[in-house]
Structures are given as C-alpha cells and as structure tokens.
*Asks:* 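Below: one structure in structure tokens.
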Amino acid sequence: MSTEAIAAEKPKRNFNALFGLTLLGLLLLMWIVLAVATPSFATTLNITNLLRQGSLIAILAVGQTFVIITGGIDLSVGAVVGFTTVIVALLINAGWPIWAAVLATLLVGIAIGLFHGFGIVKMGLPPFIITLATMTSLRGIGLLMTNGNSISINSDSFQAFSRGSLAGIPYLFWMVILVAIPSYIFLHHTRWGRYLFSVGSNAEAARLSGVNVPRTIFMAYVLSGLLAAIVGVLLASRIGIGNPTQGDTYELQAIASSVIGGTSLFGAIGSVHGPLIGSFILSTINNGANLLNVNTFWQRVITGLLIIVIVYFDGLRRRGK
Amino acid sequence: MTSTAQDLHPAPTLAPGRTILELNGLEKRYPGTHALKPVHLAFKAGEIHAIVGENGAGKSTLIKLLTGVMPRTSGEVIWEGKPTALATPHEAMALGINAVHQEVVLCRHLTVAANMFLGEEESRFGLLQQRAMVKDAQKIIDGLGFDLPAHVMLGDLTIGQQQLIAAARATVRGTKFLIFDEPTAYLTRKEADQLFELIRRLKGEGVTIIYISHRMEEVFELADRVSVLRDGTLVGTRNIAETDEPELVKLMINRSIEQIYHKEHFTPGATIVETKNLSGKGFENVSVTVRAGEIVGLYGLIGAGRSEFVTTLYGRHRKSAGQILWQGKEVQVNSEHDAIRLGMALAPESRRDQGLCLNLPVGMNLNLPIYKRISSNFLISGAKEKAEADRQIADLRIKTPTRHALASSLSGGNQQKIVIGKWLAHGAKLFIFDEPTVGVDVGTKAEIYRLFSTLLSKGAGIILISSYLPEVYELADTLHVFRRGKLVATHGFRTASHEDILGQALAEKQEKSGGQK
Ligand SMILES: Nc1ncnc2c1ncn2[C@@H]1O[C@H](COP(=O)(O)OP(=O)(O)OP(=O)(O)O)[C@@H](O)[C@H]1O
Ligand SMILES: [Mg+2]
C-alpha cells in the first residue's frame, strides 16, 4: 500500500520551517536570542571577545576541512598549536626578529604537514593513526623542550597584535578573513580544490583521470599544518606564553566546527564558509552559556547535544533539498 | 494481438491465479525527476518478461520499487491478489521477490560464500559454519555450471563474475519472482549462455522472471513478452512472437536507427604505440601496434588478460618483461600520470570502482581530466568549465537535470556515458576504451561509435576492449583475440567469422578444467 510511502515523507514536511534555517540563520538567531536574553551579550567587549575566541578555531577548522574533504582526518592540529607556541616563544626570546620567528614557526607547521603526507602516502598509514601519533609525540617533544614550564614571551609588540583591532574589528578576526578568502578561492576556483574533492570521492577514479593523488594528499595536510601553525602564533600572541599543553582539544573543536558546517566525514563534501560559521556557532554556544551562568560541567553536555541536533537537522535539510 | 499499457488495466481478462504480480499506477518521483509515471502492468506466473528502454527510462527504478530498495511515491503493487507495501528489501525477499541489480550490491571484502549466504548464514550454537558454507556455496555454483571458486574474496573476481555470483545468490533463496537488471552487461558469450541456461531452468520450475537488457537479440532469445518504457511511461507491451527489433527500437526512442555500427575507414597513419613481447601480471608476450586512425579491438573471455594488458600499458601495474614504444621511442610508463602525460587516456571497465566520483557533480566528473587545460593563472574558468560539461552532456545525451546533479543520481547507462565523455575533450593520442558501451542504450551506442570516428579523424588511435563480439567485430580494423593471458589470433576488419573468433577465445574444451583462481 502506498500509505507507507506517503507516511514516510510526512514527518519531513512538519520540520520544513527548521530546514529553511541555514547555518548562518541559526547563528544570527542565536545572537538575537542572546542579545535579548542577557544584557551583557551585545556589548562591544563581549562581541570582540567572542570574535577572538571563535577566530582561532575557525582557522583550524578550515585546514581540517581540506583534510576531511580528501577522506582523511588531522588529529594533530591541537598539538601543533601548542608546539608552535613554544617554537615562536623560544625564537622570539632568542632575539629573532618577530617576522623571522613567525616565518620559521610557519615552516615548522608545513614540515609537520609534510610528515603526515609522508606517513600516509609513502608508509601507507591511515590518517587517523599518523596524526594521532604526532598528536601525542608533539606534546611530548614540547614538554621535553620546555621541561614542562611555560615560556613567557618578552616582546610587547608581539603580544600587542592579538589585542589590537582595525576598524573596530580585532586583528584576530581579520586573520580569519585573510585565511578564508584565499582558502575559498583555492577550494572552489582552482583545480587543486577540485582534486581534493575527487580524491575524497574516489581516489582510484581520480588517479585514472590523471590527478596526482599523492601530491593532493600532501597538499591537504601541509595546509592543515600551516594553518595550525598560524593559530599557534596567534595564540602565543594572545596569551603571551609558549606552552606545549596549550590548544588542548582544539582538534576536536575544529572537527566539530567542520562537521557542523556541513563537511562529510566520508569525504568529498565540504566548503570554506561552512566550518567558519560552524566554529562561531560553537563559540557562541560557549559564550552564551557563560553569560547565562550555565554551570561549566553542563556546558560540555549541552555542547555535545547541540552538535548532534545541529548536524542531524542540517543533514535532513540537505537531503530534503 | 498486441496490448498496450492502457488495455492491460484493470486486466480483468487475466484469470486470477495467472497473474502473480500486478502494478496499479505505480509511480516514482525523485527530487527533480519524474522517473516513473503511473505504470499499469501485470506479470503472468512463469513468464519471462523483458523490459527495454533508453538509459534513464526508469527500468531500474521500477525494479527498485518492486524489491523494496526505494519507497514508491504512489500506486499499488498487488502480489498474488493482495496489495503489498514492499517497504523494505526484507519484505520483498520474504514474498519470494529477488533481484540481481545492475550494479553489484554485494560486499567486496567478504568471500564469495559469505556473500551467497549473507543474511542467511549457516551457524551452529551461534558460531558461523564457515567451512560448511564454502562447501555448500561451491556446490551451488558448480551445480549452476559456473566455473568459479567459493572461497576467494568477491572483490578478487571480475565484475562479470561477481554478477554471476549475484545471480547464483538469488536462485538459492526460494525465489518465486526473479529480476535481472542487465545481467549480461559484463559477460561474454560463454558466461551469458550459462546464465540463459539458468534462467530457462528457473522458468521451467515456475519462477516468473523480469529481464532487463539493452541487447535486443537476448530479448528475442529469452522473453515471452516485452514491455517498453520511454521517459518513465510504459509505451507498450508485446508478445515476443508478434514484434520485431525495429518496432521495439522505434517504441523505445521514438525514431528509427538505420545503422548502429558506424564505421569509417581511415588510412592508418604513423604508429602511436607499439608493445613488444610485453608481459605482466595476467598476460604474457603481447605484441600489439596501434596506428593513428585505427581501432584495435581486443576480444576474449572475461579474465583473458585484456584489461590487465591495457592497465599495464597505462602504468598501473609493472610490466615484467618486454618493451613499450611510444611514437617509435622506448618509454617507461611507471604511473597513470606518465601515461596521461604521454597522451594516453583510459576509460576503465568498472565505473563504480574506477570510473566515477559518485558523490560529485556530473560536470566535475566530466572535467576532471582537463582541469589543467580549462584553468589559467591557477583559476578555473567558470565559463569554460560550464561549456565543456554542457557540450559532453549534449553530445552524449546524458540524461541529467543539470551538470550540478550528483553522478550517483544518474541511471547506470548515463553514468557510463560520463566515464567515456570525460576523455573525449582531453585531446589524447591513444584512447583505451575498456567495455565502453556497457549498459548503454542503442541510440547512444550509435552516438559513441560516431564519436570514435571523430577521434580517429583527428589522428588518434583507439584500443577497444569488448566482451560483446559484434561490437569489436564491426568496429575494429585489427582484431586481436586473447585467451588466458596470451594473444592467440589476429584478424583484419571482418576477415574471420564469428564462430572462428569465438572458438579461438574459448580454445575448445580444455578451458573448463583449468584452474580459475
Ligand atoms: N537516486 C536518484 N536520485 C535522483 N534521480 C534519480 C535517482 N536514481 C535514478 N534517478 C533518475 O531517474 C531516472 C530513471 O533512472 P533509472 O535508473 O530507472 O533508468 P534505467 O532505465 O534503469 O536506465 P539505464 O538503462 O541507464 O540503467 C533517470 O533520469 C535518473 O537520473
Ligand atoms: Mg538501469
């Protein structure tokens, strides 16, 4: 009987209003609700703070998305952030000019990405394993280098960057834009972007079509490592220290942002704007929960539940389209 | 007497009990596609009912509805007099409806035996009886006359062999109603004959069969009745004795085709590629020359080493001995990348595994090999991207709402057109087509053959692998016959008879006892 078939489609219709709500809509809605519910949300101080909080994860999420699109995962980014805060701190304290210290730190991020590419392409290790390995090892190396201590950075101008703002918008958020635009062009308007998708969809078909699959994989992890190093520099500037245990669980937040933003963990589906919005949704949840005086333990629970709800409804919306 | 869709409904003329399955306004809409417009059709118990139609006509969709793979949008299905929901595959199987789907939907990482018993494993005290299952599976396979091992991984078999396993699997499940969706697409004549034998035997046992195929001669060989779908509409049902091929083709595509095999002869130009005693995994001592403007056909049974030969030529596997000469100079082809740089293009035989990025848009699939050409200063030219994709879609008549639709939403034949289409704009010198027209309808086949001629006229050479003898026979300027990894015979254009070529490919009796591994 056809009633079943029709019945199966019905519940979808009831949620139509929710489907229409895109992620950006959801973010704006959350902001409006919070602005009404708490007096302290819509203040300049809070908004700039929120933008600063969200920016770091947003940048990581973009790199993570490149990797996930190829069907991989980069668990190391949090550790890379911590490790690179140490590198940049050591170099600056050693008297390197800031630009040189930053450049060298970014090269370290690239080298870590190359190492991941090597492990996956040349040694045939699963991305999960090789990046999990770097995740623990890098923290260890960082702790060895610092003896477990924090290194405070003795350069005011370096730290001033993270506090500064341009046109009322924090530099940290400008960095997001600076990363997002080239990333968007790269992913959607260059052949390299297309190759990332094709590798994630069917590496064999991509290879037979002349796509250099190993190089594409290297590229994804190098970009992820580079962006993680950028975040490391920004974080060091923000907190004024180098500490290998910094950036704890950043990788999970980056992955969550990416998935909230519509990236498929099976590869071949993803965008740049999605993860950006996803990361600001996540930090808005945290920020809002703080302002509403939600117990921090509950915050974690709620964040987890909201991730499930958002990704579920977003999936429904996409399928319904 | 010919009957149309209209006068089949409400089908009071059919005595109850003689109709096993009746479709009453069965309809399916996908987002953006009205794949099946209300269909009224009754299947008689014990008949072989063929369904034909162009790519995207809705044949597979109909099957998916009948087997509970997809929910229907509206309409009724009446099974043995009672309306039935058919909401899940399980429900369909419980009724005795089974299908061998167009794309093999078994688990590549399980053994043949495990696949045959998937969902109905033999176990004792909760433990799987692995050995017993392998033995039983082997017995069934042998009983069907298929020469295949039950203990190997399914993924190690060729697609054709996997299809036979799927057929074998369906037969062991207490089937009353069995559907074959293009089962012979990847089979050679020998395997197809085994399958036909199986189908006739099932019919003898009273099983009702739906048989979908693009090969008219098979329809006339097997079927009792044939229904034609066009654009999701059932445009007619005929008794097989009362119709002929031109009528069916006319019904299918609403126009007639004078000549499917479009063959132009060009004077062969310079040698493009030459292999000298090339050996590798699965073939040895193969010497083949391809010149500009000619089609070199490779015919043989499945597993005869043709695909291995071309993939080695294409740099996917290492050669173990011999030479490859490209335009007269010896070259080392160590990767697909090398091959493509030299100017080779390969359209592989397995579209799901090697040919397509299923969850990417049609346009992206079509342009994948040429992104380099259509971008400048790193940026892809949106206009060129659109133009190239739309041109292929139009030339090959790929049935898709737009180039943004996902490849997975296309019908099997239309997916195949993407696999071919993506190389046509590439400008390669040597095109290797491995089973290019698998599952492609007659109209488009003719179109593809015409495009071959265009490629040849531009000075390219083609290696054409086909398990469908008429195709290589009518198109190849030079026809090489492979048997068990060796090149055993070479013929000019139409210089040997079909029987001779078949005989050479089969090598008489000794083939059967040979170990298949
Ligand atoms: N999952 C899907 N989503 C959207 N459209 C679909 C989907 N599956 C099939 N279609 C569309 O439905 C139509 C009928 O497809 P179907 O697979 O039934 O064709 P077919 O007759 O089996 O063709 P072929 O001979 O190529 O196998 C096609 O236009 C196809 O693009
Ligand atoms: Mg089909």
Side-chain angles (χ1 to χ4, degrees), chain A residues 1-12 19 68-71 121 181-216 219 262-270 316-321, chain B residues 24-28 31 65 70-77 83-88 311 314 316 335-337 339-341 344-348 350-361 364-365 367-375 377-382 385 407 419 422-423 426:
Chain A
M1 266 165 287
S2 52
T3 44
E4 258 89 340
I6 291 167
E9 301 196 345
K10 215 174 197 161
K12 285 187 183 174
F19 290 154
I68 296 180
I69 285 175
T70 67
V121 170
I181 291 172
S183 294
Y184 173 81
I185 293 172
F186 169 79
L187 189 62
H188 294 293
H189 292 282
T190 71
R191 65 191 150 101
W192 302 112
R194 295 285 199 277
Y195 293 169
L196 288 179
F197 284 102
S198 70
V199 167
S201 177
N202 186 344
E204 189 65 16
R207 199 153 64 108
L208 287 174
S209 303
V211 174
N212 191 333
V213 176
R215 190 150 71 188
T216 307
M219 195 169 58
T263 312
S264 162
L265 284 174
F266 298 110
I269 299 172
L316 281 189
R317 186 177 60 83
R318 278 158 204 277
R319 262 172 276 145
K321 206 163 59 173
Chain B
N24 208 341
L26 190 64
E27 185 183 12
K28 177 71 189 178
L65 299 189
M70 290 261 184
R72 55 179 174 260
T73 309
S74 73
E76 265 189 325
V77 176
T84 160
L86 288 178
T88 65
T311 47
Y314 199 64
R316 275 193 81 206
S335 69
E336 296 87 348
H337 212 67
I340 291 165
R341 227 176 2 227
M344 295 190 214
L346 171 76
S350 161
R351 59 176 169 249
R352 293 249 147 182
D353 297 341
Q354 307 169 336
L356 283 179
C357 295
L358 279 172
N359 54 359
L360 294 184
M364 222 194 238
N365 270 289
N367 285 328
L368 197 51
I370 56 166
Y371 271 120
K372 202 170 202 158
R373 212 186 64 214
I374 58 177
S375 33
N377 298 330
F378 300 114
L379 293 189
I380 294 170
S381 148
E385 189 178 26
V419 176
K422 71 172 163 185
W423 289 113
H426 182 254

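Per chain, numbering begins at 1; letters A, B, ... match sequence-line order. Predicted, not measured: the structure shown is a model, and the values here were computed from it. Because only heavy atoms are used, hydrogens play no part in the values below, and waters and symmetry mates are left out as well, while side chains stay in.
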*Asks:* Using the ring-ring contact (aromatic ring centres under 6.0 Å, His included) criterion, which residues pair with A:Tyr195? Sequence neighbours excluded.
*Replies:* A:Trp192

*Asks:* Does a sphere of radius 6.0 Å around CZ in B:Arg373 hold more than 12 heavy atoms from other residues, nucleotides or ligands, not counting ones at 6.0 Å or beyond?
*Replies:* yes

*Asks:* Looking only at heavy atoms, which two atoms of A:Asn212 and B:His337 are closest? And how far apart?
*Replies:* CB-CE1, 4.0 Å

*Asks:* Grab the two heavy atoms, one from B:Leu379 and one from A:Thr190, that are nearest each other, plus how far apart they are.
*Replies:* CD2-CG2, 4.0 Å

*Asks:* Which atoms form the tightest heavy-atom contact between B:Lys422 and A:Ser209, and what is the distance?
*Replies:* NZ-OG, 2.7 Å

*Asks:* Check each atom of B:Ile380 against the heavy atoms of chain A and say whether the ones under 4.5 Å are side chain, backbone, both or neither.
*Replies:* both

*Asks:* Which region of B:Glu385, side chain (C-beta onward) or backbone (N, CA, C, O), has a non-hydrogen atom less than 4.5 Å from a non-hydrogen atom of chain A, or is it both or neither?
*Replies:* side chain

*Asks:* Take B:Arg316 and A:Leu208 through the side-chain contact (heavy atoms from CB on, under 4.5 Å) test and state the conclusion after the steps.
*Replies:* CA-CA 9 Å; B:Arg316 275 193 81 206; A:Leu208 287 174; 3.5 Å; yes

*Asks:* Please flag which part of B:Leu358 lies under 4.5 Å from any non-hydrogen atom of chain A: side chain, backbone, both or neither.
*Replies:* backbone

*Asks:* Report the option among A:Gly267, A:Ala268, A:Ser198, A:Gly193 that has the most heavy-atom pairs separated by less than 4.5 Å from atoms of chain B.
*Replies:* A:Ser198

*Asks:* About how many Å separate OG of B:Ser381 and NE2 of A:His189, when rounded to the nearest 0.5 Å?
*Replies:* 11.5 Å

*Asks:* Quick check for you: among B:Asn367, B:Leu368, B:Ile340, B:Ile370, which has the greatest number of heavy-atom pairs under 4.5 Å with chain A?
*Replies:* B:Leu368

